Amino acid sequence: VVYAYFKHYCPLIETDPLFSCSGLLRTLVVAYFTISVLYHHVQCAMTSPGYAAMEDIREQRFHRSYRVPGFCRFCRSRKPSRSHHCHTCKRCVLKMDHHCPWVANCVGQGNYH
């Protein structure tokens, strides 16, 4: 966003002064989109992706615990359908799409918009 501002927008200020009608309109549009991008980035990073409740069933012995449907072999607990284990967060996430390194959070049921 900063690169695009200085590369493409600042040269336009020289030909179209900031205080003209089109210069002011262009400034407001750039400011709106910059604030919108930053707001949605922070909102996605701070919202919980919808972690699955962890039931500790380690005391139960399963002969084929790694093949039981609905059982996470990493968390060693039951997991709801359509949930996946995130190896970065080390938890199961409901309707997990992916772990996003840009927001340092999983994208799941709670923050997928």
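Keep in mind that this is a model prediction, so the values were computed, not measured.
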Novice: Yes or no on side-chain contact (heavy atoms from CB on, under 4.5 Å) for H87 and F74, after CA distance, side-chain angles and deciding distance?
Specialist: CA-CA 9 Å; H87 295 284; F74 302 106; 3.4 Å; yes

Novice: Give a yes or no answer on whether the side chain of T34 reaches the backbone of V30 with a donor-acceptor pair at less than 3.5 Å.
Specialist: yes

Novice: Given Y51 and L94, is the side-chain contact (heavy atoms from CB on, under 4.5 Å) satisfied, shown in steps?
Specialist: CA-CA 6 Å; Y51 293 117; L94 299 171; over 6 Å; no

Novice: Ignoring hydrogens and geometry, is there a side-chain-to-backbone donor-acceptor pair from N105 to A45 under 3.5 Å?
Specialist: yes

Novice: Should M96 and C86 count as side-chain neighbours, where that means a heavy-atom distance under 4.5 Å?
Specialist: yes

Novice: As an exercise, state the distance from NZ of K90 to OG1 of T88, rounded to the nearest 0.5 Å.
Specialist: 7.0 Å

Novice: Could you give the distance from NE2 (H99) to SG (C89), rounded to the nearest 0.5 Å?
Specialist: 4.5 Å

Novice: Is there a side-chain contact between P49 and V107 (heavy atoms, below 4.5 Å)?
Specialist: no

Novice: Indicate if I35 and L38 have the same hydrophobic cluster label, given that clusters are the connected sets of ILVMFWY residues with side-chain heavy-atom separations under 4.5 angstrom.
Specialist: no

Novice: Where the side chain of T47 meets the backbone of Q43, is there a donor-acceptor pair that is under 3.5 Å apart?
Specialist: yes

Novice: Between N111 and C106, is there a donor-acceptor pair closer than 3.5 Å when you use the side chain of the first and the backbone of the second?
Specialist: yes

Novice: Does V37 offer a backbone N or O that forms a donor-acceptor pair with the side chain of H41 under 3.5 Å?
Specialist: no

Novice: Should the pair R78 and F71 be classed as cation-pi, given the thresholds of under 6.0 Å to the six-membered ring centre and 45° from the axis?
Specialist: no

